[in-house]
Amino acid sequence: TPETTTLDIEGMTCASCASFVERSLSRTPGVQNALVNLATEKATVQYLPDQVTPAAIKEAVVKAGYGVTERA
Ligand code: 9UX
């Protein structure tokens, strides 16, 4: 069963940044869907909890070069 997490992304200054983050998330195994909103600096990520953890999802954002915190 998929779960959804919302991440606050830091450091995106242009539309390409948002695309980079979205691609990084989408390519993470276990992530089913990722949407990044540049204006709100939020990422909405649908994932399979038996395949990937929120910590690993955040790691993908950090490796792409951006800051990230998980929303409560
Ligand atoms: Mo835009 Mo973002 O030129 O890392 S891609 S600032």
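Numbering of ligands and ligand atoms starts at 1, following listing order.
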In the protein, which heavy atom is nearest to atom 6 (S) of ligand 1, and how far is it?
-> T13 OG1, 3.0 Å
State, to 0.1 Å, how close E10 and Y66 come at their nearest heavy-atom pair, and which atoms those are.
-> O-CB, 3.5 Å
Walk me through it: do E3 and Y47 pass the test side chain to side chain donor-acceptor pair (under 3.5 Å)?
-> CA-CA 5 Å; E3 287 182 14; Y47 66 100; 3.2 Å; yes
Quick one: which ligand 1 atoms are inside 4.0 Å of a heavy atom on C17?
-> 2 (Mo), 4 (O), 5 (S), 6 (S)
Nearest non-hydrogen protein atom to atom 1 (Mo) of ligand 1, with distance, is C14 SG, 2.0 Å
Contact summary for P49 and T1, nearest pair of heavy atoms | CD-O, 3.2 Å
Where ligand 1 meets F20 - atom numbers and elements under 4.0 angstrom, heavy-atom basis = 5 (S)
Atoms of ligand 1 under 4.0 Å from any heavy atom of S16, numbered from 1 in the order shown, are 5 (S)
Any side-chain heavy atom of R71 within less than 4.5 Å of one from T5?
-> no
Between A60 and T28, which heavy-atom pair has the shortest distance, and what is it?
-> CB-OG1, 3.3 Å
Consider every N or O of Y66 and every N or O of ligand 1, then say whether any pair is closer than 3.5 Å.
-> yes
